[in-house]
Amino acid sequence: MEQITDINQIKNAVLYKVAEYAYEGTLEDKMEHIPYEITDPIVPSFRCCVYREREILRQRVRLAMGKLPSDLHYEKKDDTQIVHVMQSACEGCPIDRVTVTNNCQNCLAKKCMKACKFDAIIHTPNGAYIDKTKCKNCGACVKACPYNAIVDIERPCIKSCPVNAVDMDDHDLAIIDEEKCINCGQCVIKCPFGAIGAVSMMTNVINSIRNNPDHTYAMIAPSIEGQFGTATIPALKQAVEALGFKECYEIALGADAVAWSEAEELVENIKEGNKMTTSCCPAFYNMIVKHYPEIKDRMSTTGSPMLAAARYLKEKDPEAEIVFIGPCVAKKHEVVSRYMGLISAALTFDELAAMFAVKKVDPEKFEGGEQFATRYGKGFARSGGVSASVLRVIEEKGLDLKPKVKVCNGAAECKIALQMLKLGRLPEDIIEGMACEGGCVNGPMRQKELFESKKVFDKNVNVENDNIINTCKENGYGNLNIHVHNRG
């Protein structure tokens with residue numbers, strides 16, 4: 001048996017087996033066998049023993065089946081929470097945060113010792129030593145050392161969380177504060193042991209394909225281009241339909257509709273002297289709702305491109321079971337917390353890849369065709385793309401207006417801009433918030449790194465189709481109501 005030692009190999013092996021048995025209709029009978037099929041019966045591949053490996057795989061199978069980990073070791077408060085810690089997989093990361101390295105030169109300046117307010121640093125003949133009983137992890141010595149010989153190492157899961165939602169319990173195992181978590185998925189991809197995972201909806205999607213093929217539809221995010229080789233949006237639509245979906249649609253058309261709607265909102269807000277934010281990134285939306293509720297009424301009332309495309313589909317087929325496909329963990333939360341009656345599920349690219357593998361579908365073997373969305377709608381996948389589309393609509397309307405835009409590339413920039421808006425000190429008219437640096441093309445569940453996917457994505461931009469309003473009207477999005485709430 002080939003050893004699996006990489007996090008992605010482990011995750012993909014589980015997803016493949018779960019998808020295979022789901023398509024067969026035998027998953028409930030075979031789910032307990034999956035850990036034994038993947039691992040060697042005697043020799044461990046990635047942990048201390050085969051027994052721990054099997055337990056970790058059992059928890060991964062549960063997540064892949066849409067279930068919570070059975071070893072969840074903290075109180076679950078939110079039924080819509082997507083991201084969870086698998087206790088069996090968490091190593092506890094027993095690291096000392098502030099540590100003196102071998103680079104210490106035992107210098108005479110003793111700047112580290114002078115900078116410490118807690119008398120935690122002692123100089124010995126071998127160099128500086130930190131008394132862990134006194135150290136407060138303030139980092140003053142780290143900044144003071146002229147040789148960068150003292151380092152501050154945080155646990156990756158804690159460091160990766162932009163909203164301080166990850167902490168440790170009494171046993172040093174990671175825990176997630178669901179009241180703070182925005183389900184952005186950064187801790188999922190940053191944990192070196194793969195101990196944090198997201199609940200999957202893949203088996204529900206496959207069951208819908210098997211039981212209701214005439215009414216199960218897929219919608220693919222524009223960020224999919226470049227994730228599966230050189231396959232373009234038209235080829236990917238055909239590949240997705242080959243999995244059993246009735247039809248596959250471009251969410252970029254929904255993005256065009258969102259741009260039109262948000263442009264109209266922005267014009268009205270400027271007239272009234274108000275600031276506003278975009279609302280299409282679900283992690284950014286969650287950040288505002290959970291951490292900046294005072295400015296919640298400044299969010300755009302326009303729903304996300306996913307909502308726009310789903311409402312269009314529901315008008316065509318009221319019985320439609322609609323599945324979003326993208327690189328985003330927070331989209332799963334958006335579905336279950338806000339749109340469950342309209343949208344059935346959200347798949348990520350790794351789950352889609354597993355389904356492609358089981359059904360032996362190669363997207364690169366499908367022929368291309370026509371793309372319907374504008375290059376601006378497709379550009380929603382990149383940081384700055386939403387605001388560029390909104391400004392384009394204002395230009396198409398012939399308005400003598402040049403709004404100021406604050407483009408926030410990543411969660412850290414989002415927090416700064418939202419704080420400025422909260423304090424009434426934001427100079428711009430609108431904040432475009434993207435929780436992922438680079439935008440959706442760099443989403444946590446991407447298949448390719450940004451430098452790889454960008455080549456294909458940029459190459460296939462439809463430069464000829466750039467009129468957003470006409471495109472919306474031509475494709476049936478002209479009179480679509482995509483507002484989700486009223487301000488205040």
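If you read the sequence from its start, that first residue is 1, and numbering goes on from there. In this text the structure is predicted, and so the values were computed from the model without any measurement.
Here the side chain of Gln59 pairs a donor or acceptor atom with the backbone of Ser70 at under 3.5 angstrom. Side-chain atoms of Ser337 come within 3.5 Å of backbone N or O of His333 as a donor-acceptor pair. The backbone N or O of Ile176 sits nowhere less than 3.5 Å from a side-chain atom of His84 that would complete a donor-acceptor pair. Between the side chain of Glu250 and the backbone N or O of Gln371 there is no donor-acceptor pair closer than 3.5 Å. Formation of a donor-acceptor pair under 3.5 Å by the Glu262 side chain with backbone atoms of Ser300 is not found in this model. Proximity of a side-chain donor or acceptor of Thr39 to a complementary backbone N or O of Pro35 within less than 3.5 Å is detected. One N or O on the side chain of Arg155 and one on the backbone of Asp172 form a donor-acceptor pair closer than 3.5 Å. In terms of modelled atom types and a separation under 3.5 Å, the side chain of Gln227 and the main chain of Gln447 share a donor-acceptor contact. Looking only at distances, a side-chain donor or acceptor of Arg392 sits under 3.5 Å from a matching main-chain atom of Asp466. Although no hydrogens or angles enter the test, the distance criterion places a donor-acceptor pair under 3.5 Å between the side chain of Ser200 and the main chain of Met202.
Distance check: Asn481 CG to Glu315 CD gives 9.0 Å after rounding to the nearest 0.5 Å. Taken from OG in Ser387 to NZ in Lys406, the straight-line distance is 11.5 Å, to the nearest 0.5 Å. To the nearest 0.5 angstrom, Ile288 atom CD1 is 7.5 Å from Thr278 atom OG1. Note that NZ of Lys455 is 15.5 Å distant from CD of Glu225, once rounded to the nearest 0.5 Å. Between the CZ atom in Phe380 and the CE atom in Met434 there is a gap of 7.5 Å [rounded to 0.5 Å]. Note that the CG atom of Asp256 and the CG atom of Asn475 stand 8.5 Å from one another [nearest 0.5 Å].
Counted within 6.0 Å of NZ on Lys473, heavy atoms from surrounding residues, nucleotides or ligands total 12 or fewer; the atom is thus considered open. Under a cut-off of 6.0 angstrom, the local environment of NZ in Lys454 is sparse, with at most 12 non-hydrogen atoms contributed by other residues, nucleotides or ligands. The number of heavy atoms from other shown groups lying within 6.0 Å of NZ (Lys30) is above 12.
In this structure Tyr477 satisfies the ring pair (Phe, Tyr, Trp, His ring centres under 6.0 Å) test together with Tyr312, sequence neighbours excluded. Listed by chain and residue number, Ile206, Asn207 satisfy the side chain to side chain contact (heavy atoms under 4.5 Å, CB included) test with Arg210 (two or more places apart in sequence, or in another chain). Taking the side chain to side chain contact (heavy atoms under 4.5 Å, CB included) definition, one finds that Ser344 meets it with Glu321, sequence neighbours left out. By the ring pair (Phe, Tyr, Trp, His ring centres under 6.0 Å) test, Phe228 is found to be paired with Phe356, residues two or more places apart in sequence or in another chain being considered. Partners of Phe366 by ring pair (Phe, Tyr, Trp, His ring centres under 6.0 Å), not counting sequence neighbours: none found.
The cationic atom of Lys314 (NZ for Lys, CZ for Arg) does not lie both less than 6.0 Å from the six-membered ring centre of Tyr217 and within 45° of the ring axis. Annotation: cation-pi pair Arg338/Tyr285 present, NZ/CZ under 6.0 Å from the ring centroid and within 45° of its normal.
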Inset, instruction - Go through the steps for Asp71 and Ser88 under the test side-chain hydrogen bond (donor to acceptor under 3.5 Å, both in side chains), then give the verdict. - result: CA-CA 7 Å; Asp71 64 353; Ser88 55; 2.9 Å; yes
Inset, instruction - Dump the intermediate steps for salt bridge (charged side-chain N to carboxylate O under 4.0 Å, His left out) on Lys77 and Glu178, then the final yes or no. - result: CA-CA 7 Å; Lys77 300 177 182 178; Glu178 296 176 359; over 6 Å; no
Show me the side-chain donor-acceptor pairs of residues 231-240 shorter than 3.5 Å, one per line, residues at least two apart or across chains.
{"from": "Gln238", "atom 1": "NE2", "to": "Glu367", "atom 2": "O", "distance (Å)": "2.9"}

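Ser208 and Thr216 share a side-chain donor-acceptor pair at under 3.5 Å. Between Thr471 and Glu474, the side chains place no donor N or O within less than 3.5 Å of an acceptor N or O (distance only, hydrogens not considered). In summary, the side chains of Ser383 and Glu437 do not present any donor paired with an acceptor at a separation below 3.5 Å, with no hydrogens or angles considered. Judged purely by distance below 3.5 Å, without hydrogens or angles, the side chains of Glu247 and Tyr249 pair a donor atom with an acceptor atom.
For the pair Val188/Gln186, no side-chain contact is recorded, criterion being any heavy-atom separation below 4.5 Å from C-beta on. Between Thr277 and Ile430, every side-chain heavy-atom pair lies at or beyond the 4.5 Å cut-off. Considering only heavy atoms from C-beta on, Tyr21 stays 4.5 Å or farther from His33 through its side chain.
The pair Lys290-Asp177 fails the salt-bridge criterion, with no side-chain N (NZ, NE, NH1 or NH2) lying under 4.0 Å from an Asp/Glu carboxylate O.
In summary, of the residues considered (Glu53, Glu55, Glu91), a salt bridge (charged side-chain N to carboxylate O under 4.0 Å, His left out) with Arg47 occurs for Glu91 alone. Tested against Phe284 for a side-chain contact (heavy atoms from CB on, under 4.5 Å), the candidates Cys408, Ser279, Cys414 yield a single pass: Cys414.
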